Amino acid sequence: MSYIPGQPVTAVVQRIEIHKLRQGDNLILGFSIGGGIDQDPGQNPFSEDKTDKGIYVTRVTKGGPAEVAGLMMGDKIMQVNGWDMTMVTHDQARKRLTKKNEDVVRLLVTRKSLEDAVRQSMMQ
């Protein structure tokens, strides 16, 4: 993904719809996140230039709702149910993902392999 401060973000995105798994009073997504504008981007293993403060998927539970939906470790979450996730704190992202009244989470994510595939097809 190309990013220049102050300029629009250009990204190849994929839609992913996760149906939360109900366990008692809990709704399970089956993945963990890292990052956010309040976090140290140098600690983000998925940021190529160590300046990206986006929200990234850091773990996906095998056989869980997120894996079944196609979410992958390293995916960058751009939107959650229509909400922009490019400039949020870690806690804001967590709250958007775990709303109790939402059984389905619709994500827009980008991943390096998507961008590489588009770049390759444009060069042919």
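What's counted below: heavy atoms across the whole structure, side chains too, no hydrogens, waters or symmetry copies. Everything quoted here is computed from the prediction, not taken from an experiment.
In this structure, R94 CZ and R96 CZ are separated by 12.5 Å, a value rounded to the nearest 0.5 Å. From K76, atom NZ reaches atom CE of M85 across 11.5 Å, with rounding to the nearest 0.5 Å. Here the straight-line distance linking atom CG of N44 with atom CG of D52 works out to 6.5 Å at 0.5 Å rounding. One finds the CD1 atom of I16 at 9.0 Å from the CD1 atom of I77 (value rounded to the nearest 0.5 Å).
Chaining together hydrophobic side chains whose heavy atoms lie under 4.5 Å apart places L21 alongside I28.
The two residues V13 and L108 come nearest to each other via the heavy atoms CG2-CD2, 4.2 Å. The two residues V57 and F46 come nearest to each other via the heavy atoms O-CE1, 3.6 Å. Closest approach of I55 and A93 over heavy atoms only: CD1-CB, 3.6 Å. Between M73 and T58, the closest heavy-atom pair is SD-O, 3.1 Å. Annotation for H90 and G34: closest pair CE1-CA, 3.9 Å, computed over non-hydrogen atoms. Here the shortest heavy-atom pairing between A69 and E17 reads CB-O, 3.3 Å.
Looking at heavy atoms from C-beta onward, I18 lies in side-chain contact with L107 at the 4.5 angstrom threshold. A heavy-atom distance below 4.5 Å is found between the side chains of P41 and K53. Proximity of N26 to K100: side-chain heavy atoms (C-beta onward) are separated by under 4.5 Å at one or more points. Considering only heavy atoms from C-beta on, Y56 stays 4.5 Å or farther from I33 through its side chain. Counting only heavy atoms from C-beta outward, the side chains of D75 and V60 never approach each other to under 4.5 Å. Residues Q14 and R111 meet the side-chain proximity criterion, which asks for heavy atoms closer than 4.5 Å.
In the displayed structure, K95 atom NZ is contacted under 6.0 Å by at most 12 heavy atoms of other residues, nucleotides or ligands. More than 12 heavy atoms of other residues, nucleotides or ligands shown are found within 6.0 angstrom of CG on N101. For R59, the CZ atom is densely surrounded, since the number of other residues' heavy atoms within 6.0 Å is greater than 12.
Residues in residues 64-74 take part in no salt bridge (Lys or Arg N to Asp or Glu O under 4.0 Å) pair, two or more places apart or across chains.
Not counting sequence neighbours, D40 has no partner by the salt bridge (charged side-chain N to carboxylate O under 4.0 Å, His left out) test.
Put simply, V80 and V109 are part of the same group of oily side chains (I, L, V, M, F, W, Y) that touch within less than 4.5 Å, one to the next.
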request  = Please test W83 against V88 for side chain to side chain contact (heavy atoms under 4.5 Å, CB included), starting from the C-alpha separation and ending with a verdict.
outcome  = CA-CA 10 Å; W83 291 94; V88 296; over 6 Å; no
Open item on the list: As a quick check of understanding, evaluate side-chain hydrogen bond (donor to acceptor under 3.5 Å, both in side chains) for N81 and E102, giving each step before the final call.
Closed with: CA-CA 10 Å; N81 292 339; E102 295 175 345; 2.9 Å; yes
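Of the candidates L29, L27, V104, D103, H19 forms a side-chain contact (heavy atoms from CB on, under 4.5 Å) with just one, namely V104.
Side-chain atoms of T89 and D91 form no donor-acceptor pair, as typed in the model, at a separation below 3.5 Å.
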